[in-house]
> 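First, the structure itself, so that you have it in front of you.
Indexing begins at 1, ligand by ligand and atom by atom, following the structure's order.
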Amino acid sequence: MALLPILCYPDPRLHKVAQPVAAVDDRLRTLIDDMLETMYDANGIGLAATQIDVHQRLVVIDTSEERNQPLVLINPEITWMSDERVKGDEGCLSVPGIYDGVERATAVKVTALDRDGQTQNIEAEGLLAICIQHELDHLKGKVFVEYLSPLKQGRIKTKMVKAQKAER
Ligand code: NI
């Protein structure tokens, strides 16, 4: 197992569109285990492959209190979204320290492969529904701050660039 470096906004690689996973094999399962370890280590509830510079349709999620219910979504597709929407504060491991309101569907249905390559159909609501929408956006090359006003996006970009310079 290994911790993987997470890309930080405004890294242009966060805007690449992910391609479908071709084969669910041991190589992919190693990547999944590394992504889970990276997500847990960073105290995140979700991580998309895009964020570790792997541009394949793969996300890992764990919204459980005990952090012991990993959910692996390979080639996920949202098949239904509720009309009911809710606005809540979101954060992202690629935009550390920033939290802001994003409107999302309150419930979604998703179909995806699991780590054994089996089809799974998931009905999600609450935090899990929001997390799924956030992570699937990453696969489209979209970071949550892009829902905010251009003014806010500009401020966040400046802040992130400064913080990354200070780290070097
Ligand atoms: Ni994110």
> With sequence neighbours excluded, tell me which residues meet side chain to side chain contact (heavy atoms under 4.5 Å, CB included) with Q56.
V21, L28, V54
> Tell me how many protein N, O or S atoms are within a distance shorter than 2.8 Å of the Ni ion (ligand 1).
3
> Do K87 and D100 meet the salt-bridge criterion of a basic N to acidic O distance under 4.0 Å?
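No, this pair does not count.
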> Show which side-chain atoms of residues 38-46 pair as donor or acceptor with protein atoms under 3.5 Å away, not counting sequence neighbours.
from : atom 1 : to  : atom 2 : distance (Å)
T38  : OG1    : L4  : N      : 2.9
T38  : OG1    : D34 : O      : 2.7
Y40  : OH     : D62 : OD2    : 2.5

> May I ask you to say whether R13 pairs ionically with D11, meaning some side-chain N is under 4.0 Å from a carboxylate O?
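A salt bridge links R13 with D11.
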> Decide whether S94 and Q51 meet the rule of one side-chain donor and one side-chain acceptor closer than 3.5 Å.
yes
> Checking F144 now: which residues fulfil ring-ring contact (aromatic ring centres under 6.0 Å, His included) with it, not counting sequence neighbours?
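H134.
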